[in-house]
Amino acid sequence: MSHNILLGSWVRRFLMEHIVNERNLARNTQVSYRDTLALLIPFATAKIGKSVDKLTVEQITPEVVRQFLAHLEQVRKCGISTRNQRLAAIHALARFIAMHSPEHIAWGTAIQTVPSKRGNKEAMPYLDKPEMDAILAAPDRRTAQSVRDHAMLLFLYNSGTRAHEAARLTVGDLDLEGSPAAVKILGKGGKTRLCPLWPLTAKTLAPLVAGRAPNEKVFLNRRKQAMTRFGIYALVKRYVLEVGKNMPSLLAKRVCPHTIRHTTAVHLLRAGVDINTIRAWLGHVSLDTTNIYAQVDLEMKAKALAQCEISTKRSPRQSWHSAGLMGFLKAL
């Protein structure tokens, strides 16, 4: 069988050569594409009855892709956005193979005709000020771990960073003696941005990094290893559940580190900070992304207006409402 026909060799080239060398995409993109293929390939081999390293390119048919997407939604209980993200990775692989192998152009075109799915746009979750304050106050700060937890929660709220940005933050990225204190954040696409720190945030971080080397990670786990984004997710979830015992409104929301990021943006907007400043603060490439927060704030104002009683005889207006290949994928 021609080496050019086997899927495994193309997957390796796609992840190692194309994503990294040709496109210079972020490590998170490579990991996301890898995770998609690590799910798709075992699914396809189970459907076809072939071993992983004998799977050919054209055995990943549009029908197999459709079945895989249905499996994500029905069995793995993934949402539409996750389903579409996985499909985007498969489309990218199909484009890469078709671009480098003329004999697979028809196959690549067929795969790319599998459409993404439209879904109802979910309301963007964010926390009200009392909810955010309660989460920040939850760590008792009597142990080293709870001191770190408080510093992490305060830093996430102050800076609006993504979980992976906070996880890779180094001591050298902090300027706690400046006026104002600030942090350099490495964001998507290798872009950096500066964010001011509240005096309280700087004071809280100072003992955490005192005497440590500039290249060390700021936030460490119990084993003195760098926290991962999964560890940060678990930290936030733990305190949300704790606070939620006395504040049921929290348990009705899907709260994660990204929710705190949304909360930062909405609270900045309500404090009168202009959209362009918030865009730079959060590291958004497009102003359209930041404008979502303005829409959220407008909805909030409209709901508040709807609560006002106006004496009028007019009709009330409506309110707004496996084998070698699998081993490679695991090791990447």
Side-chain angles (χ1 to χ4, degrees), residues 1 5-16 18-19 23 25-99 101 104-125 162-164 228-230 233-234 237 254-259 322-332:
M1 183 181 294
I5 295 175
L6 291 175
L7 181 67
S9 60
W10 284 110
V11 168
R12 288 179 171 87
R13 286 186 58 187
F14 173 67
L15 292 174
M16 300 304 296
H18 181 64
I19 298 298
R23 295 291 308 281
L25 297 178
R27 168 65 177 167
N28 283 346
T29 302
Q30 185 191 42
V31 170
S32 176
Y33 285 5
R34 176 205 66 189
D35 291 348
T36 296
L37 297 172
L39 292 172
L40 171 65
I41 291 168
F43 177 87
T45 55
K47 287 286 181 183
I48 298 166
K50 271 201 171 185
S51 66
V52 169
D53 287 332
K54 291 185 179 179
L55 191 65
T56 66
V57 170
E58 293 186 342
Q59 284 173 327
I60 303 296
T61 64
E63 182 57 29
V64 166
V65 172
R66 291 188 181 92
Q67 291 173 358
F68 170 67
L69 297 173
H71 168 79
L72 291 178
E73 292 186 78
Q74 298 165 13
V75 179
R76 296 182 64 87
K77 305 302 181 184
C78 295
I80 291 177
S81 61
T82 300
R83 179 252 192 218
N84 289 341
Q85 185 180 38
R86 300 299 189 200
L87 178 59
I90 297 170
H91 281 173
L93 174 64
R95 283 194 299 271
F96 170 72
I97 295 176
M99 182 172 61
S101 177
H104 290 115
I105 290 177
W107 168 84
T109 301
I111 292 295
Q112 291 178 76
T113 61
V114 178
S116 58
K117 179 181 283 190
R118 293 177 64 89
N120 294 326
K121 194 170 183 180
E122 298 181 11
M124 184 186 62
R162 304 172 178 92
H164 72 270
T228 66
R229 60 191 177 99
F230 302 106
Y233 269 75
K237 193 69 176 177
R254 295 181 293 104
V255 183
C256 65
H258 219 71
T259 312
S322 140
L325 176 57
M326 295 309 297
F328 163 74
L329 291 172
K330 289 179 181 178
L332 184 62

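Values reported hereafter were calculated over all heavy atoms of this structure, with side chains retained and with hydrogens, waters and symmetry mates removed. Numbers for residues simply follow the sequence, beginning at 1.
Every residue meeting the side chain to side chain donor-acceptor pair (under 3.5 Å) condition with Gln59, not counting sequence neighbours, appears here in chain and number order: Thr56. Every residue two or more places apart in sequence or in another chain that forms a side chain to side chain donor-acceptor pair (under 3.5 Å) with Gln30 is listed here: Arg27. For Thr36, the side chain to side chain donor-acceptor pair (under 3.5 Å) criterion is met by Arg86, not counting sequence neighbours. Annotation: side chain to side chain contact (heavy atoms under 4.5 Å, CB included) contacts of Ala92 (sequence neighbours excluded): Phe14, Tyr33, Arg95. The side chain to side chain donor-acceptor pair (under 3.5 Å) check on His164 picks up Asn28, with sequence neighbours excluded.
Counting heavy atoms from C-beta on, the side chains of Pro257 and Arg162 never come closer than 4.5 Å. Taking 4.5 Å as the limit, every side-chain heavy atom of Thr82 sits out of range of all side-chain heavy atoms of Leu72. Using a 4.5 Å heavy-atom threshold, the side chains of Asp53 and Leu6 count as separate.
Rounded to the nearest 0.5 angstrom, Ile105 CD1 and Ile97 CD1 are separated by 12.5 Å. Between the CG atom of Leu7 and the CD atom of Glu58 there is a distance of 11.5 Å, given to the nearest 0.5 Å. Put simply, SG on Cys78 and CG on Leu39 are 8.0 Å apart, with the number rounded to the nearest 0.5 Å. For the atom pair Leu69 CG and Asn84 CG, the distance stands at 8.0 Å (nearest 0.5 Å). With rounding to the nearest 0.5 angstrom, the CG atom of Leu93 is 9.0 Å from the CD1 atom of Ile111.
The salt bridge (Lys or Arg N to Asp or Glu O under 4.0 Å) contacts involving residues 30-46 comprise nothing, where partners must be two or more places apart or lie in separate chains. Residue pairs meeting the side-chain hydrogen bond (donor to acceptor under 3.5 Å, both in side chains) criterion with at least one member in residues 61-80, sequence neighbours excluded, are Glu63-Gln67, Glu73-Lys117. For the ring pair (Phe, Tyr, Trp, His ring centres under 6.0 Å) condition, the pairs that include at least one residue of residues 48-68, sequence neighbours left out, are Phe43-Phe68.
Although no hydrogens or angles enter the test, the distance criterion places a donor-acceptor pair under 3.5 Å between the side chain of Trp107 and the main chain of Val57. Between the side chain of Thr29 and the main chain of Ile19, no donor-acceptor pair closer than 3.5 Å is present.
Minimum interatomic distance between Ala98 and His104 (heavy atoms only, all atoms of both residues): CB-O, 3.9 Å. Taking both residues in full, the closest heavy atoms of Arg83 and Pro115 are given as NH1-O, 3.1 Å, listed atom of the first, atom of the second, then distance. Closest non-hydrogen pair, Arg229 versus Ala163, comes out as CB-CB, 3.9 Å. The shortest heavy-atom contact between Ala44 and Leu55 is CB-CD2, 4.3 Å.
Residue Phe230 qualifies as open at atom CZ: its count of foreign heavy atoms under 6.0 Å is 12 or below.
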Go through Cys256 and Lys237 one step at a time and tell me if the side-chain contact (heavy atoms from CB on, under 4.5 Å) criterion holds. CA-CA 6 Å; Cys256 65; Lys237 193 69 176 177; over 6 Å; no
side-chain contact (heavy atoms from CB on, under 4.5 Å) evaluation trace for His91 with Val114
CA-CA 9 Å; His91 281 173; Val114 178; 4.3 Å; yes
task = Run the numbers on Ile41 and Ile60 for side-chain contact (heavy atoms from CB on, under 4.5 Å), then give the verdict.
result = CA-CA 9 Å; Ile41 291 168; Ile60 303 296; 5.8 Å; no
